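Remember, it's a predicted structure, so these values are computed and weren't measured experimentally.
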Amino acid sequence: PAPELPPLATPDAKTPRHHAKLKLGADRFGKLGPLKLRWGSVPGATSYEVTLLPEKEGAKEIVLTSARPEVTVRALEPGRYAWRVRAKAEGNRVSEPSEAWLFEVEPARIKLEVRGTDWK
């Protein structure tokens, strides 16, 4: 039989920090982004699976995969989210998920300055 491979370490979440409040640009549909999620790399990992869970009732979790210890989320609804990440490797090995970290996203305010004009 093949030797048993060691378990994968649990990735450490890096950014956004736990309880972060982020102001992001909004697209024409009111979606916010982009937002980059980062975590520490895990030796032996071939990919990572990130789960985003919106706090909004009835919202579905968002699952993203990445070969690198980061992923970019292009469009989020304003609100609060929990996120966690786990490492994956050959042989169907999967780490325990990281601790869930919470963050909140809201639209960035745009400062408009209106000046007088001589136009007639």
Side-chain angles (χ1 to χ4, degrees):
E4 190 170 317
L5 296 169
L8 290 172
T10 302
D12 291 321
K14 301 283 185 198
T15 59
R17 304 292 302 162
H18 193 35
H19 294 296
K21 290 188 178 189
L22 308 166
K23 295 183 184 301
L24 302 175
D27 66 14
R28 63 185 176 157
F29 304 108
K31 304 277 186 163
L32 307 178
L35 171 66
K36 191 170 281 196
L37 303 172
R38 293 185 174 116
W39 55 90
S41 64
V42 172
T46 55
S47 66
Y48 299 91
E49 181 181 271
V50 176
T51 304
L52 273 170
L53 182 59
E55 190 177 77
K56 188 176 176 181
E57 190 171 325
K60 295 183 182 192
E61 71 180 19
I62 302 163
V63 179
L64 305 164
T65 58
S66 177
R68 299 177 51 199
E70 65 183 31
V71 68
T72 300
V73 183
R74 300 274 175 226
L76 292 170
E77 295 284 340
R80 292 173 44 106
Y81 293 81
W83 77 282
R84 61 178 58 206
V85 59
R86 62 186 188 160
K88 293 181 159 191
E90 293 178 19
N92 294 325
R93 293 184 299 151
V94 179
S95 74
E96 291 294 319
S98 66
E99 180 181 344
W101 279 15
L102 305 173
F103 67 91
E104 183 173 353
V105 293
E106 60 184 47
R109 302 250 184 247
I110 299 173
K111 181 179 178 183
L112 295 178
E113 188 174 313
V114 179
R115 296 182 184 184
T117 179
D118 293 332
W119 183 82
K120 293 186 184 201

Sub-4.5 Å side-chain heavy-atom contact between Thr65 and Ser47: no
When every non-hydrogen atom of Lys36 is compared with those of Arg38, the smallest separation belongs to CD-NH2, 3.1 Å
For a 4.5 angstrom cut-off between non-hydrogen side-chain atoms, does Pro11 reach Ser95? yes
Assess whether a salt bridge exists between Glu77 and Lys56, defined as any Lys/Arg side-chain N lying under 4.0 Å from an Asp/Glu carboxylate O. no
Tell me the closest heavy-atom pair linking Gly30 and Pro78, and the distance in Å. O-CD, 3.9 Å
In sequence, state the C-alpha distance, the side-chain angles, and the governing distance for Glu104 and Glu106, and then conclude on side-chain contact (heavy atoms from CB on, under 4.5 Å). CA-CA 7 Å; Glu104 183 173 353; Glu106 60 184 47; 4.3 Å; yes
On a heavy-atom basis, the closest approach of Glu90 and Thr46 is N-OG1, 4.1 Å
Roughly how far apart are Ser41 OG and Lys14 NZ, rounded to 0.5 Å? 9.0 Å
Is the backbone of Arg17 close enough, under 3.5 Å, to the side chain of Thr15 for a donor and an acceptor to pair up by distance? no
Starting from Leu64 and following side-chain heavy-atom contacts under 4.5 Å between hydrophobic residues (I, L, V, M, F, W, Y), which residues can be reached? Leu8, Leu22, Leu24, Leu32, Leu35, Leu37, Trp39, Val42, Tyr48, Val50, Leu52, Ile62, Val71, Val73, Leu76, Tyr81, Trp83, Val85, Trp101, Phe103, Val105
Does a salt bridge link Glu49 with Lys88, judged by any charged N lying under 4.0 Å from a carboxylate O? yes
Exercise: identify the closest heavy-atom pair between Ala82 and Leu102: CB-CD2, 3.6 Å
Under the side-chain contact (heavy atoms from CB on, under 4.5 Å) rule, what do Arg84 and Arg86 come out as? Steps first, then yes or no, please. CA-CA 7 Å; Arg84 61 178 58 206; Arg86 62 186 188 160; over 6 Å; no
Near Glu96 CD, under 6.0 Å, is it more than 12 heavy atoms from other residues, nucleotides or ligands? no
Taking every non-hydrogen atom, the tightest pair across Ala59 and Pro54: CB-CB, 3.6 Å
